[in-house]
*Asks:* 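Below: one structure in structure tokens.
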Amino acid sequence: MPIGALTDIKPSQGPTVISLYNLFPSATINGAPSANSSSGQALATMESAAQKVLTPGMNFEWTALAYQENLVGSSAYFIFALAIFLVYFALAGQYESWITPAAVILAVPLALLGTVAALRSVGLANNIYVQIGLVLLIALSAKNAILIVEMAREGRAAGKDITDAVVHASKVRFRPIMMTSFTFILGVLPLVLASGAGAAARRSLGIAVASGMLASTCLAVLFVPAFFVVLQRWIERKNVAAVKTK
């Protein structure tokens, strides 16, 4: 029996492949942020457009890297806080003090100032590579401050005046700080000047770390001694008051 006796056959057009997502018919949309926008801003824009355009009964889901980014959310702030607390508790155990490590931790924002200024000047977004560089800067900026604070503590323990001890420490540690810092900055210059495939990721990491380290180097030798003097005097006044109370 011919098929035409049972039904009408008419040509029609349709997709070659019907894709499903969680057993629902779906369409895949690939996108990328513009040069002056971050991936988070692009995701928020796509979500806003989807909520306005999609009809009732339709929905959207993120997949691949976009899904992972939404899943992670704001955990980057938790990582930054955890890194700072790790450095702080390690120094608190080393110095046997809860206050002295603050002179080191206060040097971290100085490095972030350089990174923010560099990113704004070159128009780079705050992506995952920049955030990795910021975590690295926590250790690098703390290293410069530790060199000064450690020697200043030793001078104070030897009987020197607080100001004399920190000035002597700053002078003695100035050359090691400059040597190690600029050696590191020169070491990451290939990342800053990267070209070719994957250059954007390397430049983001290199510029963030190099600019932050440069700012930390220039500012730490000025502000860390002042932080130490203020905190050390506070500690000693607190100890004297505690002795008088007893």
Side-chain angles (χ1 to χ4, degrees), residues 38 75-92 94-95 100-153 166-196 198-231:
S38 65
S75 61
Y77 300 105
F78 174 74
I79 295 174
F80 296 149
L82 186 62
I84 291 176
F85 278 119
L86 178 62
V87 174
Y88 176 79
F89 287 133
L91 293 175
Q94 179 181 351
Y95 296 152
T100 302
V104 177
I105 298 301
L106 289 174
V108 174
L110 302 178
L112 302 184
L113 291 177
T115 300
V116 172
L119 293 179
R120 287 186 174 275
S121 62
V122 300
L124 286 177
N126 181 17
N127 52 36
I128 184 63
Y129 301 100
V130 172
Q131 294 171 10
I132 292 173
L134 294 179
V135 175
L136 179 60
L137 282 176
I138 295 175
L140 294 174
S141 58
K143 180 266 301 179
N144 290 339
I146 288 172
L147 292 176
I148 297 175
V149 171
E150 181 66 24
M151 193 165 188
R153 289 182 69 254
V166 77
V167 169
H168 176 72
S170 301
K171 291 180 179 179
V172 174
R173 294 301 191 185
F174 180 78
R175 186 173 66 176
I177 290 175
M178 293 295 149
M179 291 175 61
T180 56
S181 299
F182 282 100
T183 299
F184 180 84
I185 293 172
L186 293 175
V188 299
L189 276 183
L191 296 177
V192 178
L193 305 176
S195 60
R202 295 197 296 272
R203 282 199 299 266
S204 296
L205 179 59
I207 291 175
V209 175
S211 59
M213 196 61 187
L214 181 62
S216 175
T217 303
C218 297
L219 298 176
V221 294
L222 299 176
F223 287 93
V224 171
F227 295 154
F228 177 80
V229 170
V230 172
L231 294 173

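Treat the numbers as computed from the prediction; the structure is a model and nothing was measured.
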*Asks:* Once you round to the nearest 0.5 Å, how far does CZ of R173 lie from NE2 of H168?
*Replies:* 9.0 Å
*Asks:* With rounding to the nearest 0.5 angstrom, report the CG to CD1 distance, L134 to I138.
*Replies:*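 Nearest 0.5 Å value for the CG-CD1 distance: 7.5 Å.
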*Asks:* Mind listing the closest non-hydrogen atom pair of A107 and A145 along with its distance?
*Replies:*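 Result for this residue pair: CB-CB, 3.9 Å.
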*Asks:* Kindly indicate whether the side chain of N144, heavy atoms from C-beta on, has any atom under 4.5 Å from the side chain of V224.
*Replies:* no
*Asks:* For the pair F80 and Q131, evaluate side-chain contact (heavy atoms from CB on, under 4.5 Å) and give the outcome as yes or no after the intermediate values.
*Replies:* CA-CA 9 Å; F80 296 149; Q131 294 171 10; 3.9 Å; yes
*Asks:* Could you check whether any side-chain heavy atom of R202 comes within less than 4.5 Å of a side-chain heavy atom of P190, counting everything from C-beta outward?
*Replies:* no
*Asks:* For the atom pair OG1 (T115) and CG (L110), what is the distance rounded to the nearest 0.5 Å?
*Replies:* 11.5 Å
*Asks:* Which atom pair, heavy atoms only, marks the closest approach of S195 to R203?
*Replies:* CA-NH1, 4.5 Å
*Asks:* Which pair of heavy atoms, one from S170 and one from P225, lies closest together, and at what distance?
*Replies:* OG-CG, 3.2 Å
*Asks:* A side-chain contact here means heavy atoms from C-beta on lying under 4.5 Å apart; do F228 and I148 qualify?
*Replies:* no
*Asks:* Can any side-chain N or O of T180 pair as donor or acceptor with the backbone N or O of I177 at less than 3.5 Å?
*Replies:* yes
*Asks:* Do the side chains of F227 and V149 get nearer than 4.5 Å, heavy atoms only?
*Replies:* no
*Asks:* Do S204 side-chain atoms and V130 backbone N/O form a donor-acceptor pair below 3.5 Å?
*Replies:*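 A pair under 3.5 Å: no.
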*Asks:* Output the distance between atom OG1 (T217) and atom CG (L222), rounded to the nearest 0.5 Å.
*Replies:*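 Between T217 OG1 and L222 CG, I get 11.0 Å after rounding to 0.5 Å.
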*Asks:* Looking at CG of L219 and CG of L214, how far apart are the two atoms once the value is rounded to the nearest 0.5 Å?
*Replies:* 9.0 Å
*Asks:* Heavy atoms, side chains only, cut-off 4.5 Å: are E150 and Y95 in contact?
*Replies:*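 A side-chain contact exists here, since the closest heavy-atom pair is under 4.5 Å.
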*Asks:* Would a 4.5 Å heavy-atom cut-off, applied to side chains only, mark S216 and L137 as touching?
*Replies:* no
*Asks:* Find the distance between CD1 (I79) and CD1 (I84) and round it off to the nearest 0.5 Å.
*Replies:*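 Reported to 0.5 Å precision, the distance equals 12.5 Å.
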*Asks:* With heavy-atom distances below 4.5 Å as the criterion, would you say the side chains of L113 and V116 are in contact?
*Replies:* no
*Asks:* Taking side chain as C-beta onward, heavy atoms only, is L106 less than 4.5 Å from F223?
*Replies:*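 A side-chain contact is absent here, since even the closest heavy-atom pair is not under 4.5 Å.
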*Asks:* Please walk me through it: do V209 and L191 pass side-chain contact (heavy atoms from CB on, under 4.5 Å)?
*Replies:* CA-CA 10 Å; V209 175; L191 296 177; over 6 Å; no
